[in-house]
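One structure is given here, and the rest of the page talks about it.
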Amino acid sequence: MKNIGTLYTFEIKKILKNRLTIAMLIVTLAFTLIEAFTPRLYMSKEMTDALKEADGRVIDDALLNEMYPVLIDNGTVWTAENNMYMNIADMEKGILPDDAVLSDYSAEEMYKARKEKTYSVMKDDKLTESEIAWWEKRMSEIETPFTYRSFVGPLNLAQGLSLTLMCIMLISALCLSTVFTVEHRQKTDQLVISCRNGRRETYFVKTAAGLSVVTGCCLISAALLTLLIVLLYGLDGLDAAVQLELPWSAYPFTFGQFIAVQMVVMIAASILFASFAMAMSEVLKNSLAVTGVMVGLFIFGQLEIIPPRYRLIGQINSMLPSNQISTWSLLEHRLVGFDGHFLTTYAAAPLIYLALAILFTLIGRIAYDRFQVTGR
Amino acid sequence: MNLTVDRITKQYKNKLAVDRISFRLSEGVTGLLGANGAGKTTLMRMMSGILEPTSGEIAVDGIPVQSEEYRALLGYLPQDFGYYPEFSAREFVLYIAALKGIEKKKARKKTEELLEVVGLSEVAGKKIRTFSGGMKQRVGIAQALVNDPKILILDEPTAGLDPKERVRFRNLIAEIGKDTIVLFSTHIVSDIEHIANNVLMMKEGQLIHEGAWSEDKGDLEKFYMEEFE
């Protein structure tokens, strides 16, 4: 096909000239700024700096015994003077039972309790013996005792990506669901499909343009968030183990690895959102219905209403993009298995998202190809 | 080049919009007359490949209407055609040229040429949403001609044009009709009576007249009015 580049440029222009797209880009920018600056409102620079004082120290009996006298049973008030222990105390509280007195535990007992808690969570989630055996190998890669690192920047970045994903979902739902429907509403469809390349090529070029806009927005907003986080908090702690934040997790990840994985999953999710929005709007010929379905699914995914005993439904729910792009996903140990092999949700989710994106695109293609101009 | 419409029918539930129509067109202007609801637009949509007939076939020199090859020969101006309000006239015609697979350089040259022909070259950079109805219609005419079509289907193209534009447009179509199959639908007999070498008349989905109209047959407008009373 001649002029595919020109057509692609025009389709990009059509999406970007849509006032809704401009509005959503402004909203995304505003959310990114809010997400980057909000942690600063909760913790002063002095408090943040204090977190770095224990950097590089092994979390062993010596460090715990140094920390215990600082803690107050009814709740420690964290100040710049004692804040260096805050993350360590939070981690220990997360591991031990709710009524436990931290100072009663040695480092060895704490790490033992951590392991037991991880197995207990896995059993609650109905993991099979072979899945648990698979995780045992991964857990052996996690070094204990942990080495403390301040991880304010990486944690803020990882948490901020959830909001970026929500913006990407809204951009897809509101802006891309009109890529095809606007042609019907404006009655330009009859001109488009009567042209030589108006059927197959145009469908794929429109889809490619929509995917480019959404993945572009995803990359730019993630890059902007990263830049702001680096400037405000630095990226010290990229090499910290994720267990410092979520101690039951069995993933042998550092924060840097976790963020990289989240970025990959988010790009795949943005491709899924975009292809779903465009294809379904062509099938339903109604952009509002598609927006409703997407926002509804996104909200539904965030409701914790599925008990762990319904493993399959729970696992599907946990693989929804809104649950995957979250630090809590580090506690999702249910594996996707086939032919004796296992994949973690981080490996399986992008593959599933891309397969679904291809499926939606083909469904949309059939609807586009069958479209006839009637009535009016 | 021969455009053959063979026993074409379009049925919507209980209504026959087009009822087993057959005709053959060659280079020249063919006027399509008929009252509202006669089936003109449905017939033209089927001839443009944007509406599938219930039965029958349409082809030009054996090339079926559903094919890309047929669409490559086609220029189409729908009745009540849509536009992209955020596009300028130039961008709109260039976009249609890209959809028609015309090479970029050639498309630019042809777009400027056509905007000049339809009298829009001075406002080519302005957004279409700022245009009057007649100006928008002229953008529609330019886009239909951008690929130098061999089949030109114009569904009420003079709607919205002022008398001066109407005359200018008629002359343009007469010129194009010398080596192009032009099908031109209208309510207004004067639009076609001097330029059409063939006249089709539709009533309730059926063809009630086909052929050249000569003076010895009497006044075309009078005949038309009698038929549609």
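Numbers restart at 1 for each chain; the letters A, B, ... are given by sequence-line order, proteins then strands.
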| Could you go step by step and tell me if B:Gln66 and A:Arg199 meet the side-chain contact (heavy atoms from CB on, under 4.5 Å) rule? | CA-CA 11 Å; B:Gln66 301 86 354; A:Arg199 287 283 187 181; over 6 Å; no

Is it the backbone or the side chain of [X] that comes under 4.5 Å from a heavy atom of chain A, or both, or neither?
X        : result
B:Gln143 : side chain
B:Leu94  : both
B:Leu51  : both

| field | Flag, side chain of A:Arg196 to backbone of B:Gly101, donor-acceptor distance under 3.5 Å | value |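 Checked: no pair found.
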
| said: Between A:Arg19 and chain B, with a heavy-atom cut-off of 4.5 Å, which part of the residue counts as in contact: side chain, backbone, both or neither? | reply: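 Contact with chain B: side chain only.
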
| Interface moiety of A:Val192 toward chain B, non-hydrogen atoms closer than 4.5 Å |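 It is both, since atoms from each part get that close.
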
| Quick one: do the A:Lys13 and B:Tyr95 side chains pair a donor with an acceptor below 3.5 Å? |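 Side-chain D/A pair, A:Lys13 to B:Tyr95: absent.
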
Can you see which heavy atom on [X] is nearest to which on [Y], and at what distance?
X        : Y        : result
B:Ile96  : A:Cys195 : CG2-SG, 4.0 Å
B:Ser48  : A:Ser194 : O-CB, 4.0 Å
A:Leu191 : B:Tyr76  : CD2-O, 3.6 Å
A:Thr188 : B:Gly82  : CG2-C, 3.3 Å
A:Ile193 : B:Arg71  : O-CD, 3.4 Å
A:Asn197 : B:Lys100 : ND2-C, 3.9 Å

| task | Measure the CD1-OG1 distance between B:Ile50 and A:Thr374 for me, rounded to the nearest 0.5 Å. | result |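 Separation between the atoms: 10.0 Å.
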
| Does the distance from a Lys or Arg side-chain N to an Asp or Glu carboxylate O, for B:Glu91 and A:Lys14, drop under 4.0 Å? |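 Not counted as a salt bridge, because no side-chain N and carboxylate O are separated by less than 4.0 Å.
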
Could you check whether atom [atom1] of [X] has more than 12 heavy atoms from other residues, nucleotides or ligands sitting under 6.0 Å from it?
X        : atom1 : result
A:Lys285 : NZ    : yes
A:Gln186 : CD    : yes
B:Arg108 : CZ    : no
B:Glu57  : CD    : no
B:Lys104 : NZ    : no
B:Arg20  : CZ    : no

| field | Criterion side-chain contact (heavy atoms from CB on, under 4.5 Å) on A:Lys187 and B:Tyr83, from CA distance to verdict | value | CA-CA 7 Å; A:Lys187 298 179 185 171; B:Tyr83 59 93; over 6 Å; no

| With a 4.5 Å heavy-atom cut-off, do B:Leu99 and A:Thr202 have their side chains touching? |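 In short, these two side chains touch, coming nearer than 4.5 Å.
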
